[in-house]
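What follows is a set of notes on a single structure, which appears directly below.
Predicted model, so just to flag it, every value in this text is computed and none were measured.
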Amino acid sequence: MKIEHVLAGFVPESRCRDGLALAVLLARQAGARLTVAYVHPPAWTTPGPGKIDAEWQAYIAEQTAQTLEQARRLLAEVRDVPIDYVSHGNRGSGRGLAELAARTDADVVVIGSAPRGGRNRISLGSTADQLLHGSPAPVALAPRGYGGSPPPGLRQLTVAYRRDPAAGQAVRQAVTLATQLDVPLRLITLVVSGGRCSVVEEMMARVREQVADDLETVARGRWPVRAEVEVEVEVEVLEGRDVAAALTSVDWPAGAMLICASSQAGPLRRVFLGDVSLKIIRSAPCPVMMLPRNLQKKSKSGEKSGNT
């Protein structure tokens with residue numbers, strides 16, 4: 001994937017800074033344009049008395065104007081990224097952002113964590129849930145507090161790899177993005193080991209050996225980037241009693257981002273969140289980007305073409 005257009009969802013709450021910070025960082029480093037979007041309630045589908053309808057429309061217009069003005073103030077000092085501000089009506093903010101992503105041909109949709117999440121962790125609310133089960137574009141989620149002290153830029157992409165076609169495609173997409181952002185790439189596989197008996201230990205030893213071989217094979221793969229570009233690829237097997245422990249068994253540098261593939265059970269060309277991906281998102285100490293299945297690249301004419 002290559003990022004040329006970043007779509008950031010904005011709400012007038014404290015968490016809004018987190019998603020905006022990640023969106024600006026991505027747009028700046030990728031040389032992309034940024035669209036900040038506010039999804040407001042739609043007009044009533046059943047017409048009421050003219051005065052009530054007019055008052056509702058006026059209220060929505062006022063709230064939308066105030067919300068987008070707040071976003072403009074927060075980004076007033078950003079001079080090196082072209083920014084547009086738009087609004088869209090939908091009963092669900094996540095569904096509205098997914099519609100905007102399709103309509104504007106966005107390459108990634110960025111939002112922040114739900115407010116109940118712990119600091120430096122991602123909590124999924126209704127907006128994220130709707131996006132993570134239907135967005136046509138990759139979805140990037142910023143941890144709570146990310147906007148307070150964001151890194152100066154992305155410094156590493158990490159792909160959660162498992163041996164299936166969706167994860168292989170995620171690696172190819174990540175290689176292209178790492179090339180665009182000029183950052184190294186790390187491939188990780190999580191090994192969850194809860195038992196300690198000899199049979200379990202013997203089985204886990206075989207699993208470790210297999211996933212290490214898988215990672216090395218992937219790291220030596222042929223990538224769809226220019227021949228003169230070399231992508232630095234590192235591989236690691238992370239082990240722990242659960243997903244959270246495995247993820248915290250390795251260092252995560254400032255400016256890291258974790259990339260995951262959608263569940264194989266989901267529809268094509270849509271993000272679809274599986275159980276393992278959900279655990280990874282909730283445990284990751286950095287922003288997470290979820291890729292749709294069968295993500296397609298844009299041709300020069302702006303239309304969708306075959307797989308990258």
With side chain to side chain contact (heavy atoms under 4.5 Å, CB included) as the test, would you mind laying out the steps for T35 and D84 before giving the verdict? CA-CA 5 Å; T35 297; D84 294 322; 4.2 Å; yes

Derivation of the side chain to side chain contact (heavy atoms under 4.5 Å, CB included) call for L124 and L141: CA-CA 9 Å; L124 303 180; L141 302 108; 3.7 Å; yes

Could you go step by step and tell me if Q63 and H40 meet the side-chain hydrogen bond (donor to acceptor under 3.5 Å, both in side chains) rule? CA-CA 8 Å; Q63 290 295 110; H40 58 76; over 6 Å; no

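Inter-residue side-chain proximity for R155 and P253 is flagged as unmet; no heavy-atom pair is nearer than 4.5 Å. Considering only heavy atoms from C-beta on, I122 comes within 4.5 Å of V288 through its side chain. In this structure, the side chains of L157 and M257 come closer than 4.5 Å at one or more pairs of heavy atoms. With a 4.5 Å cut-off on side-chain heavy atoms, C286 and L258 count as touching. For the pair L185/L187, a side-chain contact is recorded, criterion being any heavy-atom separation below 4.5 Å from C-beta on. The side-chain heavy atoms of L22 and P150, taken from C-beta on, include no pair separated by under 4.5 Å.
Smallest separation of non-hydrogen atoms from A137 and A106: CB-O, 3.6 Å. Of all heavy-atom pairs between A32 and V81, the closest is O-CG1, 3.9 Å. Between I259 and A174, the closest heavy-atom pair is CD1-CB, 3.9 Å.
Proximity of a side-chain donor or acceptor of D18 to a complementary backbone N or O of Y146 within less than 3.5 Å is detected. One N or O on the side chain of Q180 and one on the backbone of I3 form a donor-acceptor pair closer than 3.5 Å. S87 places no side-chain N or O within 3.5 Å of a backbone atom of Y38 that could act as its donor or acceptor partner. Although no hydrogens or angles enter the test, the distance criterion places a donor-acceptor pair under 3.5 Å between the side chain of Q173 and the main chain of M1. Here the side chain of D107 pairs a donor or acceptor atom with the backbone of E4 at under 3.5 angstrom. The main-chain N or O of L247 is found under 3.5 Å from a side-chain atom of W252 such that the two form a donor-acceptor pair. With hydrogens and angles disregarded, no donor-acceptor distance shorter than 3.5 Å links the side chain of Q29 to the backbone of G153. Checking side-chain atoms of S135 against main-chain N and O of L132 turns up no donor-acceptor pair under 3.5 Å. The closest donor-acceptor contact from the side chain of S283 to the backbone of I280 lies at 3.5 Å or more, if one exists at all.
No continuous path of hydrophobic side-chain contacts links V11 to V109 [ILVMFWY only; heavy atoms under 4.5 Å].
More than 12 non-hydrogen atoms from other residues, nucleotides or ligands lie less than 6.0 angstrom from CG of D80. Within a 6.0 Å radius of CZ in R121, more than 12 heavy atoms belonging to other residues, nucleotides or ligands are found. Within 6.0 Å of the CG atom in D182, the count of heavy atoms belonging to other residues, nucleotides or ligands does not exceed 12.
Each of V36, L75, L74, V6 was scored for a side chain to side chain contact (heavy atoms under 4.5 Å, CB included) with V24, with one residue passing: L75.
Legend: residues meeting side chain to side chain donor-acceptor pair (under 3.5 Å) with S113, ordered by chain and number and at least two apart, are absent. Under the rule for a side chain to side chain donor-acceptor pair (under 3.5 Å), Q70 has no partner lying at least two apart in sequence or in another chain.
For the 3.5 Å distance criterion, the side chains of Q66 and E62 qualify, holding a donor opposite an acceptor.
Rounding to the nearest 0.5 Å gives a distance of 7.0 Å between OG of S123 and CZ of R282.
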